[in-house]
Asker: 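Let me begin by handing over the structure; questions about it come next.
Not measured: the values here are computed from a predicted model. Note on naming: letters A, B, ... go to the chains in the order of the sequence lines (proteins, then strands), and numbering restarts at 1 for each one.
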Number of protein chains: 2
Amino acid sequence: MLRLSKLTDYATVILSFMAKEKTRVCAAMEIAAATGIALPTVSKILKLLVNSKVLMSTRGAKGGYMLAREPETISVAAIISALEGPIALTECSISEQLCGQASGCGIRGVWHTINQTIHNALESVTLADLVRPAARSEEITIPVASLYR
Amino acid sequence: MLRLSKLTDYATVILSFMAKEKTRVCAAMEIAAATGIALPTVSKILKLLVNSKVLMSTRGAKGGYMLAREPETISVAAIISALEGPIALTECSISEQLCGQASGCGIRGVWHTINQTIHNALESVTLADLVRPAARSEEITIPVASLYR
DNA sequence: ATTAAATAGGACTAGAATAGTCCACAATGA
DNA sequence: TCATTGTGGACTATTCTAGTCCTATTTAAT
């Protein structure tokens, strides 16, 4: 179904909450309470987001997590790849028998294009868009075919 | 990783082969031999493609499978949804606690937008593009923000 | 009619990936 | 020093995917 994982889904919930509280640190337990997601799960997600530099953390008493940058600069693509690794639809979508003869795999090129397109789409939407969804974002167009050149 | 399933991957291989043989029916066994994919697996995929009307089948001796329409009119989106169900990144990406208060879920709207964008991208590439990847497709632009309106 | 060649539909198994939990450790503030 | 909070990694259980197989149905050829 081309689905995002549940953890990624949770991550957007967590980050949406944090974006509203972006001026202060939030403890994992507080986030768990606010979102209704179990603490161990919240904790796991927060760790991943720290590792990928979407969040900053401070340890010790009164510690917690905070956005590492402004919501406007945190793309949905960054969130997804933090949780699920690099965004890539296919490894190489074709078996050797079919495409291997020619020097390069033709179909692979098309997949790469599609992939780029999706990546661009996910890159163009930010956490800020998620928290104020009523606001119109500026017009963004993604040239698909330009990637064929 | 936002990956396509292996079966979807196989499906593109199978359909690429069939596009080249589009004037005649191909038996499942022949396709298995040509692609190197195990027969039961090929069979399963072909059934799914028939159910979603990408392929036509004829039963009985001398039966087999054929493209239901021209490769130009078979989109990658159609192939993916045949194998994986409807293309949808999230069910509803947010838990009730966070978004339920307001009449509609705000974040859901943004996900819908992102989803539309990806769907459009996948809709704009066809089986014909997969089999003749050297050819440049015309310029296609996808307006992301238009969906916010 | 009978037989052989195909697809249709669905059940089933095994393996891999995901979700979720837990624990021992490190860091920090009071 | 102690309570609090994040870190890293191991671990389990559950779900999903891939892959196989069997029986019924349809059709062509003999």
Asker: To the nearest Å, give me how far apart CZ (B/Arg59) and P (C/dG9) are.
Answerer: 7 Å
Asker: Could you state the atom-to-atom distance from CG of A/Leu46 to P of D/dG6 in whole Å?
Answerer: 8 Å
Asker: Of the listed nucleotides (C/dG20, C/dA8, C/dT18), which one gets closest to any side-chain atom of B/Val50?
Answerer: C/dA8
Asker: Between D/dT14 atom P and A/Leu7 atom CG, what is the distance in whole Å?
Answerer: 17 Å
Asker: Calculate the interatomic distance between A/Glu30 atom CD and D/dT5 atom P; express it in whole Å.
Answerer: 10 Å
Asker: Nearest nucleotide by nearest heavy atom, which residue falls closer to the 5' end of DNA chain C, A/Leu39 or B/Ala61?
Answerer: B/Ala61
Asker: How long is the span from the CD1 atom in B/Ile118 to the CG atom in B/Leu89, to the nearest 0.5 Å?
Answerer: 4.5 Å
Asker: How close or far is atom P of D/dG6 from atom CD1 of A/Ile45, stated in whole angstroms?
Answerer: 14 Å
Asker: Starting at NZ of B/Lys6 and ending at C1' of C/dA14, how long is that distance when rounded to a whole Å?
Answerer: 13 Å
Asker: Are any non-hydrogen side-chain atoms of B/Leu15 and B/Leu130 less than 4.5 angstrom apart?
Answerer: no
Asker: As a test of reading the structure: which of C/dT18, D/dT5, C/dT21 is closest to the side chain of A/Ser5, going by heavy atoms?
Answerer: C/dT18
Asker: NZ of A/Lys44 versus P of C/dT21: gap in Å, rounded?
Answerer: 10 Å
Asker: Quick one: which of C/dA8, D/dG6, D/dG19 gets closest to the side chain of B/Thr41?
Answerer: D/dG19
Asker: At 4.0 Å (heavy atoms only), tell me whether B/Lys47 reaches a base, stays on the sugar-phosphate, or touches nothing.
Answerer: base
Asker: Using a 4.0 Å heavy-atom cut-off, does B/Ser43 contact any base of the nucleic acid, only the sugar-phosphate backbone, or nothing at all?
Answerer: nothing
Asker: Rounded to whole Å, please give me the gap between CG in A/Asp9 and C1' in C/dA19.
Answerer: 13 Å
Asker: Check every atom of D/dT5, D/dC21, C/dG9 against the side chain of B/Asn51 and return the nucleotide holding the closest atom.
Answerer: C/dG9
Asker: How would you label the contact of A/Gly60 with the nucleic acid (heavy atoms, under 4.0 Å): base, sugar-phosphate, or nothing?
Answerer: base
Asker: For the helix from C/dA1-D/dT30 to C/dA30-D/dT1, how many degrees between its two end axes (five pairs per end), to the nearest 10°?
Answerer: 10°
